[in-house]
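Have a look at the structure below, then the notes.
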Amino acid sequence: MQDWKASALVVVLLLWAGILFGVSFLATPAKFSAPSLTLPVAVDVGRSTFAVLNQVELGCAVLSLGLLLAGASRAFVVRLALGLAALGLLLETLWLLPALDERARIVIDSGTPPASSLHDVYIGIDAAKLVALLLGTVVLLRPDEQRQRQ
């Protein structure tokens with residue numbers, strides 16, 4: 001590993017990936033399988049959870065980009081991976097979360113929103129972010145000689 005900046009970037013990327021995995025792929029499906037939790041309550045909790053997750057992810061993205069700009073890595077793959085994760089996060093922040101919040105409000109108010117594939121898109125973007133974050137981490141953890149050739 002090059003220096004403390006590269007080490008810090010690995011920590012931030014793994015933290016971001018772990019939080020993303022834990023919330024999006026473990027806690028959320030588990031919540032919706034709880035038989036005593038009504039759909040409006042589960043959706044309201046989910047809306048709040050994903051708002052907090054988004055803020056944490058934005059913090060991780062800012063830290064990661066700052067470390068990258070400070071010279072944590074020159075590897076193209078790391079920069080590409082972080083760029084893709086940041087782009088996915090921006091799409092979620094500016095488009096998907098507001099659209100999903102509108103749908104959540106309808107469910108919370110005991111309505112039924114029209115059919116939509118927005119949740120599938122969100123899951124796909126989260127999966128792509130997770131892969132990108134892990135790929136960037138793997139490249140950062142490779143020996144310096146190999147990473148500098150990338």
From [atom1] ([X]) to [atom2] ([Y]), nearest 0.5 Å:
| X | Y | atom1 | atom2 | answer |
| --- | --- | --- | --- | --- |
| Thr137 | Leu13 | OG1 | CG | 4.5 Å |
| Leu53 | Thr28 | CG | OG1 | 8.0 Å |
| Gln55 | Cys60 | CD | SG | 11.5 Å |
| Leu68 | Ser73 | CG | OG | 6.5 Å |
| Ile125 | Leu84 | CD1 | CG | 11.5 Å |
| Leu89 | Leu94 | CG | CG | 9.0 Å |

> Do you know the tightest heavy-atom contact between Ala81 and Ala132?
Replying inline: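 Heavy atoms only, the tightest pair is CB-O, 3.2 Å.
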
> If you look at every heavy atom in Leu134 and Ala17, which pair is closest and at what distance?
Replying inline: CD2-CB, 4.0 Å

Applying a strict under-4.5 Å side-chain criterion to I, L, V, M, F, W and Y, I'd like to know whether [X] and [Y] cluster together.
| X | Y | value |
| --- | --- | --- |
| Val62 | Val78 | no |
| Leu80 | Leu87 | no |
| Ile108 | Tyr122 | no |
| Phe50 | Val45 | no |
| Leu20 | Leu90 | no |

Less than 4.5 Å apart, side chain to side chain, heavy atoms only: is that true for [X] and [Y]?
| X | Y | answer |
| --- | --- | --- |
| Val41 | Asp44 | no |
| Leu9 | Leu140 | yes |
| Trp16 | Leu63 | no |
| Leu65 | Leu82 | yes |
| Phe76 | Val139 | no |
| Asp126 | Glu92 | yes |

> side chain to side chain contact (heavy atoms under 4.5 Å, CB included) between Leu39 and Val107: does it pass, once the steps are laid out?
Replying inline: CA-CA 8 Å; Leu39 182 60; Val107 173; 4.0 Å; yes

>> Phe32 vs Leu37, test: side chain to side chain contact (heavy atoms under 4.5 Å, CB included). Steps then yes/no.
In response: CA-CA 8 Å; Phe32 283 99; Leu37 197 58; over 6 Å; no

> Out of Asn54, Asp101, Val121, which residue meets the side-chain contact (heavy atoms from CB on, under 4.5 Å) rule with Leu96?
Replying inline: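 Output: one option passes, namely Val121.
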
Looking at [X] and [Y], would you say the former's side chain and the latter's main chain have a donor-acceptor pair under 3.5 Å?
| X | Y | value |
| --- | --- | --- |
| Arg103 | Leu118 | no |
| Ser24 | Phe21 | no |
| Lys129 | Ala86 | no |

> Would you call Arg105 and Asp109 a salt bridge, using N to O less than 4.0 angstrom?
Replying inline: yes

